[in-house]
Amino acid sequence: MRLYNTLTRAVEDVVPVEPGHVKMYACGPTVYRYAHLGNLRTYMLADLIRRALRLEGFTVTLVQNVTDVGHMTDESSPEAIDKMLLAVEDEGLQPLEIAEKYTRSVIEDAAALGIDEPDVSPKATEHIPEMIGLTKTLIDRGHAYVVDNGSVYYDVASFDGYGKLSGNTLDKLREGHRDLETDPRKHHPADFALWKAAGPGRLMKWPSPWGDGFPGWHIECSAMSMEFLGDRIDIHTGGTDLRFPHHEDEIAQSEGAVGHRVVSIWVHGGHLRQAGQKIAKSTGNVVRVQDLVDRGIDPLSFRWLCFQTQYRSEMDFSWAAMETADQRVKQLRRRMSEWAPAAEALGAEAADFDTRFRAALADDLSFPAAVRIVNELVSSPSVPGGVPGGEKYALLAAWDAVLGLDLQREAIGGWTPTAEMRALMNERDEARQAKDYATSDRIRDRLTSMGLEVMDTAGGTQVRPRD
RNA sequence: GGCGGGGUGGCCGAGUGGUUUAGGCAGGGGCCUGCAAAGCCCCGCACACCGGUUCGAUUCCGGUCCCCGCCUCCA
């Protein structure tokens, strides 16, 4: 298995520190609003890496945090508004109720998209002591300092490798600095909060050695990743926007605390755009799982849409492309039911397809190549010397462990026409045999109006639900 | 201003120093059919612009234009 490492800017082999067992950490959702498809694409990425690794025979442990601490709209301003607090005001709920509501919603949306749950989903609010502990360690090791109001800042100048992930090294940061108002107590403008003193009216706050306050944005990931996975983590994923400052700061924290490299491979997923702009709450162009459902699109079809684009690339979302993908997935399921049951063994041709599919996934998760292989398999001849239907079924069923498209749904689900439908089908066949086409066409219209697709086959009239 | 990533045929989107250079959808033609549908077969010869390297570049290098992300919360 090879993955592109943002840190080294190269595709690297995944070589877990513990042989055969890959430890993954994924930056997860902030739960004061609904997740949109862009967020979910990134969560899906972590799951796809896990699925592909498992197909390769690895054991995988995936930890994904739930950020239920509100962060500031603007870290540098004293008048900054807490986003969690905004949600609290808008919805008339308590912070924990807000968190619960949206946590549940994200879990549901992820499930609808076939994203398997992480092995562990720690909540930030339940690990405040670990964050305080890590902050103490950083102070002790000379990487952080306390200022007079009780906030604690990370001293970026104390960490040699600062900037290695994003390219934003300290000299570059100084050079290209935007005129931001920063806390004058900071030693360097790029210093960031590990712990923030609670201002008046702050709802979520905890006691600490430096007074009541709340954790900085980046510390939760350092603290929880190392708590659950140790200080040698094989893969860390997140959206490309987290590359700087979030992941850069996370590296400074984790490595500053333990004194050595913590994460081996950093994987960043590309953003979803719509009409050229990234999908975001602030842009006002969010698309949610519910929007897919409202349009009669199977949410799992969003997976197929995503598979066509390399995970690292930005992807433009359009309803036209989404509907095309949906049609294709539904078509695949229909073909599966035609090919059932699965063959017991694979012939040479089928085995070759299998090898190519697995190689595509192992090559930096090349889903576009995998999609092509699926398409080739589907349209390959089922004649002797080709791939018989039963083998196609067996292959696609196996690949579905990664694709997650529920391809066997129709074949297994066994949709069957009702007695009424069967009676009409018989009537139509009789009319057709008698060449009474006026009657047969009328019956076809009747079946069509029942939401069915009518097909003539060698065995007579067949119907299936129209998608 | 700094950092990072892009511009491919009607659309979505892979990929590659040349020789058969994806795939899907839409579109055109055909087979099949009583007619449709479904299925099958055939058809597009693209790579922002300008230079350079090369026998040869869409692919490598330089420049130009444009787009997107990050630098404030962000997947």
Side-chain angles (χ1 to χ4, degrees), chain A residues 6 9 26-30 32-33 35-46 67 70-77 80-83 86 163 165-169 171-182 189-190 217 237-246 248 268-273 276-283 304-305 307-310 312-318 320-325 327-328 331 334-335 338 366-376 378-379 381 432 435-438 440-441 444 448 452-457 461-464 466:
Chain A
T6 309
R9 290 171 205 191
C27 277
T30 46
Y32 48 80
R33 61 178 177 208
H36 58 252
L37 256 28
N39 299 320
L40 290 158
R41 182 191 184 200
T42 301
Y43 308 146
M44 188 162 79
L45 169 61
T67 300
H71 292 293
M72 298 288 134
T73 49
D74 180 354
E75 292 276 356
S76 61
S77 161
I81 308 160
D82 181 324
K83 286 189 170 180
L86 282 176
L165 183 69
S166 64
N168 288 321
T169 50
D171 51 325
K172 297 281 172 53
L173 279 170
R174 218 183 316 268
E175 193 180 313
H177 208 260
R178 295 200 309 193
D179 42 14
L180 280 176
E181 291 174 34
T182 59
W217 175 34
T237 67
T240 185
D241 55 332
L242 296 186
R243 187 172 179 185
F244 186 85
H246 184 58
E248 193 70 66
H268 291 100
H271 278 151
L272 200 59
R273 297 183 308 185
Q277 283 200 301
K278 83 163 176 171
I279 286 186
K281 182 82 176 282
S282 52
T283 319
W304 186 257
L305 182 68
F307 293 163
Q308 288 166 262
T309 308
Q310 173 70 15
R312 267 184 280 130
S313 302
E314 289 181 354
M315 176 179 136
D316 212 73
F317 180 88
S318 74
M322 183 65 255
E323 272 152 21
T324 296
Q327 280 174 29
R328 183 62 174 167
Q331 184 189 39
R334 288 201 301 267
R335 303 303 298 275
E338 291 163 16
S366 295
F367 274 94
V371 161
R372 177 188 160 178
I373 293 163
V374 168
N375 288 332
E376 266 185 47
V378 167
S379 57
R432 290 190 69 224
K435 300 206 188 298
D436 178 2
Y437 296 122
S440 77
D441 287 353
R444 179 165 63 197
T448 301
L452 301 172
E453 186 158 33
V454 181
M455 299 162 292
D456 286 341
T457 70
T461 300
Q462 294 288 311
V463 297
R464 66 186 178 208
R466 237 185 357 249

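Just so we're on the same page: letters track the sequence lines, and every chain starts at 1.
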Visitor: Expressed as a whole number of Å, how far does the P atom of B/C32 sit from that of B/C41?
Guide: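 Their P atoms lie roughly 15 Å apart.
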
Visitor: In whole angstrom, give the distance that lies between atom CZ of A/Arg444 and atom C1' of B/A36.
Guide: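 Taking atom C1' of B/A36 as the reference, CZ of A/Arg444 is at 5 Å.
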
Visitor: Once you apply a heavy-atom cut-off of 4.0 Å, does A/His36 come out as touching a base, just sugar-phosphate, or nothing?
Guide: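 Base, at least one base atom sits under 4.0 Å.
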
Visitor: Would you mind classifying the nucleic acid contact of A/Thr324 as base, sugar-phosphate or nothing, using non-hydrogen atoms under 4.0 angstrom?
Guide: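 Sugar-phosphate contact only - A/Thr324 comes under 4.0 Å of backbone atoms but never of a base.
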
Visitor: Working to the nearest 0.5 Å, report the span between CG of A/Asp316 and CZ of A/Arg273.
Guide: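 It comes to 5.0 Å.
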
Visitor: Just do the side-chain contact (heavy atoms from CB on, under 4.5 Å) check on A/Phe317 and A/Leu37 with the steps written out, would you?
Guide: CA-CA 9 Å; A/Phe317 180 88; A/Leu37 256 28; 3.8 Å; yes

Visitor: Which whole number of Å gives the distance between the P atom of B/G69 and that of B/G13?
Guide: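 Straight-line distance between the two P atoms is 16 Å.
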
Visitor: To the side chain of A/Asp441, which of B/C35, B/A22, B/A75 is closest?
Guide: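 Output: B/C35.
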
Visitor: Would the base of B/G4 count as contacting A/Asn168 through its side chain, where contact means a donor and an acceptor less than 3.5 Å apart?
Guide: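 In this structure, the two groups form no donor-acceptor pair.
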
Visitor: Within the 4.5 Å heavy-atom criterion, are A/Thr67 and A/Tyr32 side-chain neighbours or not?
Guide: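 Not touching, per the 4.5 Å side-chain cut-off.
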
Visitor: Counting side-chain heavy atoms from C-beta on, which of B/G34, B/A38, B/C35 comes nearest to A/Glu453?
Guide: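 Nearest listed nucleotide: B/A38.
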
Visitor: Answer yes or no: does a side-chain N or O of A/Arg328 lie under 4.0 Å from OP1 or OP2 of B/A26?
Guide: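 Checking A/Arg328 against B/A26: no side-chain N or O falls below 4.0 Å of OP1 or OP2.
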
Visitor: Considering only the P atoms, how many Å lie between B/A36 and B/C31, rounded to the nearest integer?
Guide: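 So the two P atoms sit 11 Å from each other.
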
Visitor: Could you check whether A/Asp316 gets within reach of a base, just the sugar-phosphate, or nothing at all, counting any heavy atom under 4.0 Å?
Guide: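 Sugar-phosphate contact only - A/Asp316 comes under 4.0 Å of backbone atoms but never of a base.
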
Visitor: Take atom C1' in B/G62 and the same atom in B/G1, then report the distance between them in whole Å.
Guide: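 Rounded to whole Å, the distance is 23 Å.
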
Visitor: Just N and O in the side chain of A/Gln331: are any of them under 4.0 Å from OP1 or OP2 of B/G39?
Guide: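 A/Gln331 to B/G39 OP1/OP2: side-chain N or O found under 4.0 Å.
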
Visitor: Counting the atoms with a prime plus P, OP1 and OP2 as sugar-phosphate, which does A/Phe244 contact under 4.0 Å by heavy atoms, base, sugar-phosphate, or nothing?
Guide: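 If one applies the 4.0 Å heavy-atom cut-off, A/Phe244 turns out to touch the sugar-phosphate alone, with no base involved.
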
Visitor: Kindly point out which of B/G4, B/A75, B/C68 is positioned nearest to the side chain of A/Arg9?
Guide: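 Taking heavy atoms from C-beta onward, the closest nucleotide is B/G4.
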
Visitor: Would you classify A/Gly269 as touching base, sugar-phosphate or nothing, given that sugar-phosphate means primed atoms plus P, OP1 and OP2, and contacts are heavy atoms under 4.0 Å?
Guide: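 If one applies the 4.0 Å heavy-atom cut-off, A/Gly269 turns out to touch nothing in the nucleic acid.
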
Visitor: Give one of base, sugar-phosphate or nothing for A/Gly163, where a contact means two heavy atoms less than 4.0 Å apart.
Guide: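 Contact class for A/Gly163: none.
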
Visitor: Of the options B/G34, B/C70, B/A36, whose atoms approach the side-chain atoms of A/Tyr437 most closely?
Guide: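 Of B/G34, B/C70, B/A36, B/G34 is nearest to the side chain of A/Tyr437.
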
Visitor: What contact category does A/Val454 fall into here, base, sugar-phosphate, or nothing, at under 4.0 angstrom with non-hydrogen atoms?
Guide: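 Result for A/Val454 = base.
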
Visitor: Taking only N and O in the side chain of A/Thr30, is any of them less than 4.0 Å away from OP1 or OP2 of B/A75?
Guide: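 The answer is yes; a side-chain N or O of A/Thr30 sits under 4.0 Å from OP1 or OP2.
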
Visitor: Can you tell me how far P of B/G34 sits from CG of A/Asp436, to the nearest Å?
Guide: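 Taking atom P of B/G34 as the reference, CG of A/Asp436 is at 15 Å.
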
Visitor: To the nearest Å, how far apart are A/Arg243 CZ and B/C3 C1'?
Guide: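 Going from A/Arg243 (CZ) to B/C3 (C1'), I get 8 Å.
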
Visitor: Check whether any side-chain nitrogen or oxygen of A/Lys172 sits under 4.0 Å from OP1 or OP2 of B/G1, and answer yes or no.
Guide: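 False: A/Lys172 side-chain N/O out of range (4.0 Å or more) of B/G1 OP1/OP2.
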
Visitor: Base, sugar-phosphate, or nothing for A/Ile373, non-hydrogen atoms under 4.0 angstrom?
Guide: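 If one applies the 4.0 Å heavy-atom cut-off, A/Ile373 turns out to touch nothing in the nucleic acid.
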
Visitor: When rounded to the nearest Å, what value does the distance between P atoms of B/C11 and B/U53 take?
Guide: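 Rounded to whole Å, the distance is 34 Å.
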
Visitor: State, yes or no, whether a side-chain contact exists between A/Arg41 and A/Ile279 at a heavy-atom distance under 4.5 Å.
Guide: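 No, side chains not in contact.
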
Visitor: Can you find a heavy atom in the side chain of A/Thr461 that is under 4.5 Å from one in the side chain of A/Met455?
Guide: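 SC-SC contact between A/Thr461 and A/Met455 ruled out.
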
Visitor: Assuming nearest nucleotide by heavy-atom distance, tell me which of A/Thr457 and A/Tyr43 is located more 5' along RNA chain B.
Guide: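 That would be A/Thr457.
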
Visitor: How long is the straight-line distance from CG of A/Leu272 back to CE of A/Met315, given to the nearest 0.5 Å?
Guide: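 Atom-to-atom, A/Met315:CE and A/Leu272:CG are 5.0 Å apart.
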
Visitor: In whole Å, what separates the C1' atom of B/G7 from that of B/U19?
Guide: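 It works out to 28 Å between them.
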
Visitor: Write down the distance between CG (A/Leu272) and P (B/C12), rounded to a whole number of angstrom.
Guide: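 Interatomic distance, CG of A/Leu272 to P of B/C12: 14 Å.
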
Visitor: Flag the pair A/Val374 / A/Phe367 as yes when at least one side-chain heavy-atom distance between them is below 4.5 Å, and no otherwise.
Guide: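 Contact flag for A/Val374/A/Phe367 side chains = no.
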
Visitor: Check this for me: does any side-chain nitrogen of one of A/Glu338 and A/Arg334 sit under 4.0 Å from a carboxylate oxygen of the other?
Guide: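 Result for this pair is no, no salt bridge flagged.
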
Visitor: Starting at CE of A/Met455 and ending at P of B/G39, how long is that distance when rounded to a whole Å?
Guide: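 Atom-to-atom, A/Met455 to B/G39, this comes out as 9 Å.
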
Visitor: What's the separation between atom CD in A/Gln462 and atom CG in A/Leu452, rounded to the nearest 0.5 Å?
Guide: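 If we round to the nearest 0.5 Å, A/Gln462:CD and A/Leu452:CG are 11.5 Å apart.
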
Visitor: Which is more 5' along RNA chain B, the nucleotide nearest A/His246 or the one nearest A/Arg464? Just name the residue.
Guide: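 Here A/Arg464 is the residue nearer the 5' end.
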
Visitor: Let me know the distance between CZ of A/Arg273 and C1' of B/C12, rounded to the nearest Å.
Guide: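 A/Arg273 atom CZ is separated from B/C12 atom C1' by 12 Å.
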
Visitor: May I ask you to verify whether the side chain of A/Arg432 and the base of B/G34 hold a donor-acceptor pair under 3.5 Å?
Guide: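 Donor-acceptor pair under 3.5 Å: yes.
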
Visitor: Out of B/G23, B/C70, B/A14, which nucleotide sits closest to the side chain of A/Arg372?
Guide: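 Minimum distance to the A/Arg372 side chain belongs to B/G23.
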
Visitor: Quick one: the dot-bracket string of RNA chain B, using Watson-Crick and G-U wobble pairs with both distances under 3.5 Å, [ ] for crossing pairs and | for bases paired to another strand.
Guide: (((((((..(((.....[....))).(((((.......)))))....(((((..]....))))))))))))....

Visitor: Rounded to the nearest angstrom, tell me the gap between atom CD in A/Gln308 and atom P in B/C12.
Guide: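 Going from CD in A/Gln308 over to P in B/C12 covers 12 Å.
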
Visitor: Going from NE2 on A/His271 to CZ on A/Arg312, what distance comes out if it is rounded to the nearest 0.5 angstrom?
Guide: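 Answer for the NE2-CZ pair, A/His271 versus A/Arg312, is 15.5 Å.
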
Visitor: Roughly how far apart, to the nearest Å, are B/G9 and B/G24 at atom C1'?
Guide: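 About 14 Å, rounded to a whole number of Å.
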
Visitor: What's the CD-P distance between A/Glu323 and B/C25, to the nearest Å?
Guide: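 After rounding, the reported distance stands at 15 Å.
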
Visitor: By the 4.0 Å heavy-atom rule, please label A/Glu376 as base, sugar-phosphate, or nothing.
Guide: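 Contact class for A/Glu376: none.
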
Visitor: For a quick check of understanding: with a heavy-atom distance under 4.0 Å over all strands, which category does A/Ile279 fall into, base, sugar-phosphate or nothing?
Guide: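 A/Ile279: base contact, heavy atoms under 4.0 Å.
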
Visitor: Kindly determine whether A/Gln331 and A/Arg328 satisfy side-chain hydrogen bond (donor to acceptor under 3.5 Å, both in side chains), including the steps that lead there.
Guide: CA-CA 5 Å; A/Gln331 184 189 39; A/Arg328 183 62 174 167; 2.7 Å; yes

Visitor: Would you indicate, yes or no, if B/G23 has its OP1 or OP2 atom less than 4.0 angstrom from a side-chain nitrogen or oxygen of A/Asn375?
Guide: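 So the side chain of A/Asn375 is outside the cut-off, no N or O lying under 4.0 Å from OP1 or OP2 of B/G23.
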
Visitor: Suppose you measure atom P in B/G15 against the same atom in B/A26; what distance do you get, rounded to whole Å?
Guide: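 To the nearest whole Å, 24 Å.
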
Visitor: Tell me what A/Ser366 touches on the nucleic acid: a base, only sugar-phosphate, or nothing, going by heavy atoms under 4.0 Å.
Guide: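 No contact.
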
